[in-house]
Amino acid sequence: MSKSIAYKHYLRALSHWPKDSLRPECQFQDVIRRRVDRRFLPASSSNAPNAAQATANSAIDEKAELVQVNAIYSLLENRYSGKYPIKGTFLKPASNPTHYTDLVKELEEAPDRSWWSLQVNKWKGFLRFQ
Amino acid sequence: MASKSCATCLRALHRQSRLIPQRASRLTASRAFTAIAARHLDLNPGQNAAPRSSIPPVDPERAEGRAKPPASKLPSINAAQALRKVTGRATETYTAYGATELLYKECALQADYSIPQAGKDDQEMPKTEAGEDLGIGKGWWLTETGLQPTFSTWSQVTMLHMYLIAARFRCFPTLSQTQTWQQHLLDHFFYDAENRMMVNHNMHARGTRNKYLKDLFIQWRGLLAAYDEGIYKGDAVLAAAIWRNVFKANENVDIKALAQIVSYMRRALKGLDSMPDETLMSVDLQFGSPKDEANVVAMKSKMMDLPFEKAPGKDLPPIKKA
């Protein structure tokens with residue numbers, strides 16, 4: 001394991017990233033983990049002859065990586081929804097107060113639906129009786 | 001698309017032309033003939049021809065999005081609002097059509113690009129590594145994020161801004177009003193998208209354009225759900241949604257830029273939320289830019305200072321090598 005501080009920060013930050021059950025093959029934390037492993041771990045494979053340049057490169061990387069990981073932390077701590085809070089009425093819109101709660105419920109149920117209930121839902125959506 | 005104006009609409013239009021102050025004599029003349037002119041279809045419309053309808057065309061200079069919105073409202077919107085007092089909600093859809101056109105133009109200019117080689121048969125268009133046509137463009141979205149000036153970038157950034165407006169439309173009092181406004185906004189986008197495909201990318205075959213338009217529609221529906229989920233659940237989920245849609249799940253995404261976009265969206269939603277319906281309907285707004293969020297994102301997080309022993313992260317499972 002790399003001794004880099006930024007790498008440790010990355011591991012910690014990505015472990016707290018919320019898991020997305022609806023899109024299991026396209027997870028942010030997996031892809032960023034892959035990128036970080038590629039950048040930090042094979043330190044031995046980089047060309048050793050120019051040791052000074054290697055340390056200089058890794059110093060630049062370290063600062064840039066700390067900026068990136070700070071951004072991940074800021075997203076995890078909901079800095080922006082705290083700084084720019086929206087009123088409750090936006091999340092209960094006048095034209096359809098349960099819009100967001102219905103959507104989130106639907107997204108939670110969708111991955112676990114059986115084939116039969118998928119067909120039933122498909123036809124329910126197609127034939128909508130007022 | 002010939003004019004389908006019924007007698008009621010024609011009467012409404014004539015009444016509308018009487019309500020406008022004198023300065024719009026040019027507009028009055030064109031409006032009086034709109035129903036007739038529309039019957040003679042213009043087979044070779046100009047590059048940014050206004051859609052054929054019985055609604056008065058938007059002033060082309062304003063519609064380009066270069067000029068700042070004038071201090072006084074446009075005569076067509078003034079007239080529409082005066083008309084609404086007389087005819088009630090029957091003209092909602094006509095007001096909506098005009099207003100959403102301006103709102104859409106504001107969305108579309110955020111990541112606008114041009115391809116100088118388009119339309120010239122002898123010049124080859126430059127391509128990105130993925131094979132998309134590459135253009136040139138200015139602005140934060142095209143220079144600071146690592147995104148390139150392509151059709152997909154433009155469409156995703158435009159749809160992001162349209163999403164913000166569509167989410168605000170949901171706060172209208174009735175469902176039918178929401179649906180009218182959202183539908184018109186979407187129609188403007190698809191009309192313009194098809195126009196750009198033809199003009200910038202030489203897609204003269206209707207089948208090819210339709211294929212891409214269908215994909216675009218699926219993307220729109222997907223991002224509606226994804227961004228809604230993000231708004232409800234928190235910044236990380238919203239960031240993941242933006243990463244999947246705008247950055248196409250790119251491994252080398254600049255996470256700082258991603259956080260700036262999240263901050264920008266939150267700020268825009270807060271601004272839209274506190275805006276009364278009248279201001280939105282008279283299109284008295286302009287989008288800012290995510291570059292103003294750089295300072296907020298650069299602030300050091302408290303989690304950086306937490307020692308690793310006290311708050312260790314859960315170790316992620318080993319990545320399956322593809």
Side-chain angles (χ1 to χ4, degrees), chain A residues 5 8-18 20 22-23 25-38 64-96 99-101 103-104 106-108, chain B residues 167-179 225 228-229 231-240 243-244 249-260 262-263 265-267 269-274 293 296-304 306 308 311-316 319:
Chain A
I5 301 284
K8 287 202 211 138
H9 274 302
Y10 263 118
L11 289 187
R12 181 167 70 180
L14 292 175
S15 69
H16 289 298
W17 194 268
D20 188 358
L22 196 57
R23 301 156 189 106
E25 72 290 341
C26 184
Q27 301 265 27
F28 182 78
Q29 60 270 39
D30 295 343
V31 173
I32 301 298
R33 171 80 189 259
R34 222 181 299 145
R35 152 176 138 184
V36 156
D37 284 348
R38 198 168 30 88
E65 298 298 336
L66 283 174
V67 164
Q68 299 276 293
V69 98
N70 187 50
I72 302 183
Y73 278 139
S74 72
L75 289 165
L76 284 170
E77 65 192 11
N78 282 328
R79 184 190 291 179
Y80 311 106
S81 15
K83 189 164 162 63
Y84 303 116
I86 46 179
K87 291 203 300 280
T89 50
F90 193 88
L91 291 177
K92 288 193 184 57
S95 64
N96 186 7
H99 171 90
Y100 291 96
T101 43
L103 174 73
V104 165
E106 178 77 21
L107 292 174
E108 270 167 31
Chain B
R168 175 62 183 82
F169 283 165
R170 256 182 237 133
C171 301
F172 283 166
T174 61
L175 188 61
S176 72
Q177 213 178 351
T178 299
Q179 285 172 338
D228 276 347
E229 190 192 3
I231 300 298
Y232 190 81
K233 285 191 182 166
D235 287 347
V237 180
L238 184 58
W243 171 70
R244 280 192 315 271
N250 184 3
E251 199 177 270
N252 297 318
V253 61
D254 179 7
I255 307 178
K256 179 164 186 279
L258 192 57
Q260 278 179 268
V262 170
S263 182
M265 278 182 82
R266 291 277 181 198
R267 198 173 95 187
L269 281 170
K270 179 160 187 261
L272 282 167
D273 183 29
S274 50
E293 308 298 320
V296 184
V297 175
M299 273 168 26
K300 195 173 169 193
S301 162
K302 290 201 182 64
M303 287 168 84
M304 291 281 268
L306 280 177
F308 288 106
K314 305 187 284 288
D315 201 11
L316 298 174
I319 309 296

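Just so it is clear: chains get the letters A, B, ... in the order the sequence lines come, proteins before strands, and each one is counted from 1.
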Visitor: Given heavy-atom pairs under 4.5 angstrom as the criterion, report whether the side chain, backbone, both or neither of Ile86(A) touches chain B.
Guide: both
Visitor: In terms of ring plane angle, is the pair Phe28(A) and Trp243(B) parallel, tilted or perpendicular, where the classes change at 30° and 60°?
Guide: perpendicular
Visitor: Does any N or O in the side chain of Asp235(B) come within less than 3.5 Å of the main-chain N or O of Tyr80(A), such that one atom is a donor and the other an acceptor?
Guide: yes
Visitor: Using non-hydrogen atoms only, which part of Glu293(B) is less than 4.5 Å away from chain A: side chain, backbone, both, or neither?
Guide: side chain
Visitor: Quick one, Ser95(A) with Gln179(B), criterion side chain to side chain contact (heavy atoms under 4.5 Å, CB included). Give me CA distance, side-chain angles, the key distance, then yes/no.
Guide: CA-CA 9 Å; Ser95(A) 64; Gln179(B) 285 172 338; over 6 Å; no
Visitor: Tell me, for Val67(A) versus chain B, whether the close heavy atoms (under 4.5 Å) come from the side chain, the backbone, both or neither.
Guide: side chain
Visitor: Under the salt bridge (charged side-chain N to carboxylate O under 4.0 Å, His left out) test against Glu251(B), which residue among Arg35(A), Arg33(A), Arg34(A) passes?
Guide: Arg34(A)
Visitor: Decide yes or no for Tyr100(A) and Arg170(B): does some side-chain heavy atom of the first lie under 4.5 Å from some side-chain heavy atom of the second?
Guide: yes
Visitor: So, for Val297(B) and Ala71(A), which heavy atoms are closest and what is the spacing to 0.1 Å?
Guide: CG1-CB, 4.4 Å
Visitor: Any idea which of Pro18(A), Ala13(A), Ala94(A) has the most non-hydrogen atom pairs under 4.5 angstrom with chain B?
Guide: Ala94(A)
Visitor: Counting only heavy atoms closer than 4.5 Å, note whether Ile72(A) contacts chain B via side chain, backbone, both or neither.
Guide: both
Visitor: Does any non-hydrogen side-chain atom of Thr89(A) lie less than 4.5 Å from one of Cys171(B)?
Guide: no
Visitor: Counting only heavy atoms closer than 4.5 Å, note whether Ala167(B) contacts chain A via side chain, backbone, both or neither.
Guide: both
Visitor: Could you walk me through whether Phe90(A) and Leu269(B) satisfy the side chain to side chain contact (heavy atoms under 4.5 Å, CB included) test, starting with their C-alpha distance in whole Å, then the side-chain angles of each, then the deciding distance to 0.1 Å, before giving a yes or no?
Guide: CA-CA 9 Å; Phe90(A) 193 88; Leu269(B) 281 170; 3.4 Å; yes
Visitor: Nearest 0.5 angstrom please: Leu107(A) CG to Asp228(B) CG, how far?
Guide: 9.0 Å
Visitor: Heavy-atom distance under 4.5 Å to chain B: side chain of Gln27(A), backbone, both or neither?
Guide: backbone
Visitor: What do the steps show when you test Thr178(B) against Asn96(A) for side chain to side chain contact (heavy atoms under 4.5 Å, CB included), and what is the final call?
Guide: CA-CA 10 Å; Thr178(B) 299; Asn96(A) 186 7; over 6 Å; no
Visitor: In terms of heavy-atom proximity below 4.5 Å to chain A, should Met265(B) be classed as side chain, backbone, both, or neither?
Guide: neither
Visitor: If I compare all heavy atoms of Ala236(B) with all of Trp17(A), which pair ends up nearest, and what's the gap?
Guide: O-CZ2, 3.2 Å
Visitor: Check this for me: does any side-chain nitrogen of one of Lys302(B) and Glu77(A) sit under 4.0 Å from a carboxylate oxygen of the other?
Guide: no
Visitor: Before giving the answer on side chain to side chain contact (heavy atoms under 4.5 Å, CB included), spell out for Val31(A) and Val253(B) the whole-Å C-alpha distance, their side-chain angles and the decisive distance to 0.1 Å.
Guide: CA-CA 10 Å; Val31(A) 173; Val253(B) 61; over 6 Å; no
Visitor: Quick check for you: among Lys92(A), Lys87(A), Lys83(A), Glu106(A), which has the greatest number of heavy-atom pairs under 4.5 Å with chain B?
Guide: Lys87(A)
Visitor: Let me know if Leu238(B) has heavy atoms under 4.5 Å from chain A in its side chain, its backbone, both or neither.
Guide: neither
Visitor: Can you tell me if Asn70(A) uses its side chain to pair, donor with acceptor, with the backbone of Met304(B) under 3.5 Å?
Guide: no
Visitor: Is it the side chain or the backbone of Leu22(A) that comes within 4.5 Å of chain B heavy atoms, both, or neither?
Guide: neither
Visitor: Whether the side chain of Arg79(A) engages the backbone of Val296(B) through a donor-acceptor N/O pair (distance < 3.5 Å, no angle test) should be reported.
Guide: yes
Visitor: Highest number of heavy-atom pairs under 4.5 Å with chain B: which of Asp20(A), Ile32(A), Asn78(A)?
Guide: Asn78(A)
Visitor: Is there a donor-acceptor pair closer than 3.5 Å between any side-chain N or O of Arg244(B) and the backbone N or O of Arg23(A)?
Guide: no
